[in-house]
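Keep in mind that the numbers below use all heavy atoms, side chains included, and drop hydrogens, waters and symmetry copies.
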Amino acid sequence: DALLNLGWFYTNIARYEQAQKALDRCLEIRRKRLGPEAAPVAEALNALGALEENRSNFTLAEAFYRQAIAIREKVYGPQNKITATTYNNLATLYWITGDYAQSENFFTRALAIREKAPGPRSLAVASTLNNLALLDSSLGDYDEAENYFQRALRIREWRLGADHPATITTLSQLGLLYVREGNDARAEPLFVKVAASRQKTYPAAHPDVARSLFQLALLYDRQKLYAKAG
């Protein structure tokens, strides 16, 4: 367990060689002590998948995620929330590598499970909805993306509050969707709200404050509202 935690820690701070040593050792011990198809083995494989994804070793990451899924489907069943976590991870990997059909397939499977457990208004559901919205937005399916963003936004506002960073991130992404659609009138109030919230939440020099102000300035500049843009 300590090696697993250490592996995640090193992965998150981009010390990948140390992460691999810790996770390889964790996997070796768990396979030897518990057997090759034990649930903790899948946990280690999932962590190795995340490590290789961070290193852009996507083929290897997919193999680890697939191994983790096979074990978790056998141990927990294909409709379990723990299995859904790996579905979500694999969906993200396929999105990064441009396999959008597979990405949507696994995001949708994860969503269906998470809507049952932990439940339709859970943060896990909001996260998957947000991922589906970003995927559909990148594919130009703006109506479906808006639907997913709105659903994710309602959950995050209810569970986290209107000014929580996760809520505001979804609001900003929805604004960017409207910009892609050419609907500046719908994007503007969202960008204004995002900028105001981030200025309230973060120090003035925070990158997220600068980013939201820049988005708003670009919107005004495109509308030739130069006084507001300045």
Side-chain angles (χ1 to χ4, degrees), residues 11-14 50 53-54 56 58 88-89 91-101 103-104 106-108 110-111 114 121-230:
T11 298
N12 290 334
I13 61 172
E53 183 179 336
N54 275 274
S56 299
F58 299 127
N88 196 77
N89 293 343
T92 302
L93 178 68
Y94 284 134
W95 180 15
I96 292 169
T97 57
D99 191 341
Y100 300 126
S103 179
E104 185 171 17
F106 280 99
F107 275 140
T108 303
L111 179 63
R114 288 174 166 180
R121 300 183 73 183
S122 66
L123 291 175
V125 165
S127 176
T128 306
L129 287 168
N130 207 85
N131 288 337
L132 278 164
L134 291 170
L135 175 63
D136 283 336
S137 177
S138 68
L139 295 174
D141 191 349
Y142 297 138
D143 289 340
E144 193 69 14
E146 181 182 5
N147 175 52
Y148 285 133
F149 275 138
Q150 292 284 8
R151 289 173 63 189
L153 188 60
R154 286 194 295 271
I155 294 170
R156 285 178 166 173
E157 284 178 339
W158 178 66
R159 296 296 299 269
L160 301 171
D163 288 317
H164 189 278
T167 307
I168 292 302
T169 295
T170 300
L171 197 68
S172 176
Q173 290 166 341
L174 181 57
L176 288 170
L177 175 69
Y178 291 144
V179 168
R180 292 190 188 100
E181 290 181 306
N183 197 334
D184 290 354
R186 296 189 73 182
E188 181 183 351
L190 302 190
F191 284 162
V192 168
K193 187 174 180 180
V194 168
S197 178
R198 285 177 171 167
Q199 285 176 304
K200 182 169 61 176
T201 303
Y202 298 120
H206 194 280
D208 283 350
V209 174
R211 189 176 299 111
S212 56
L213 290 172
F214 186 64
Q215 285 176 341
L216 194 54
L218 285 178
L219 186 70
Y220 288 142
D221 183 72
R222 189 165 57 253
Q223 296 173 323
K224 296 182 169 51
L225 299 173
Y226 300 125
K228 285 187 174 182

Can Y94 and E104 be said to form a side-chain hydrogen bond (donor to acceptor under 3.5 Å, both in side chains), step by step? CA-CA 9 Å; Y94 284 134; E104 185 171 17; over 6 Å; no
Answer yes or no: is there a side-chain heavy-atom contact under 4.5 Å between [X] and [Y]?
X: E181; Y: D143; value: yes
X: D163; Y: K193; value: no
X: Y202; Y: P165; value: yes
X: Q215; Y: L176; value: yes

With side-chain contact (heavy atoms from CB on, under 4.5 Å) as the criterion, how do R186 and L177 come out once you've worked through the C-alpha distance, each side chain's angles and the decisive distance to 0.1 Å? CA-CA 10 Å; R186 296 189 73 182; L177 175 69; over 6 Å; no
Taking all heavy atoms of [X] and all of [Y], pick out the closest pair and write down the distance.
X: R159; Y: S122; result: NH1-CA, 3.6 Å
X: V209; Y: P203; result: CG2-O, 3.6 Å
X: E53; Y: I96; result: OE2-CD1, 3.3 Å
X: S137; Y: R180; result: OG-NH1, 2.9 Å
X: I168; Y: A162; result: CD1-O, 3.3 Å
X: T167; Y: E157; result: CG2-CG, 3.5 Å

Atom [atom1] in [X], atom [atom2] in [Y]: separation rounded to 0.5 Å?
X: F106; Y: T128; atom1: CZ; atom2: OG1; answer: 13.5 Å
X: L123; Y: L160; atom1: CG; atom2: CG; answer: 5.0 Å
X: T169; Y: L153; atom1: OG1; atom2: CG; answer: 11.0 Å
X: F214; Y: R211; atom1: CZ; atom2: CZ; answer: 11.0 Å
X: S127; Y: L111; atom1: OG; atom2: CG; answer: 10.5 Å
X: W95; Y: L134; atom1: CH2; atom2: CG; answer: 4.0 Å

Please confirm whether the backbone N or O of [Y] pairs with a side-chain atom of [X], one donor and one acceptor, at under 3.5 Å?
X: N130; Y: A126; result: no
X: S212; Y: D208; result: yes
X: S138; Y: L135; result: yes
X: S103; Y: A91; result: yes

From CA spacing to verdict: side-chain contact (heavy atoms from CB on, under 4.5 Å), L139, E144: CA-CA 10 Å; L139 295 174; E144 193 69 14; over 6 Å; no
Pair Q199-L213, side-chain contact (heavy atoms from CB on, under 4.5 Å): steps then yes or no: CA-CA 9 Å; Q199 285 176 304; L213 290 172; 4.0 Å; yes
Go through the steps to decide whether T170 and Q150 satisfy the test side-chain contact (heavy atoms from CB on, under 4.5 Å), and finish with yes or no. CA-CA 9 Å; T170 300; Q150 292 284 8; over 6 Å; no
All side-chain contact (heavy atoms from CB on, under 4.5 Å) counterparts of L190, not counting sequence neighbours: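 Testing L190 for side-chain contact (heavy atoms from CB on, under 4.5 Å), a comparison that skips the adjacent residues, returns L171, L174, Y178.
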Restricting to pairs with a member in residues 130-142, which pass salt bridge (charged side-chain N to carboxylate O under 4.0 Å, His left out), not counting sequence neighbours? none
Show the atom names and distances, to 0.1 Å, of all donor-acceptor pairs under 3.5 Å that link a side chain in residues 222-230 to residues at least two apart or in another chain.
residue	atom	partner	partner atom	Å
R222	NE	D184	OD2	3.4
R222	NH2	D184	OD1	3.1

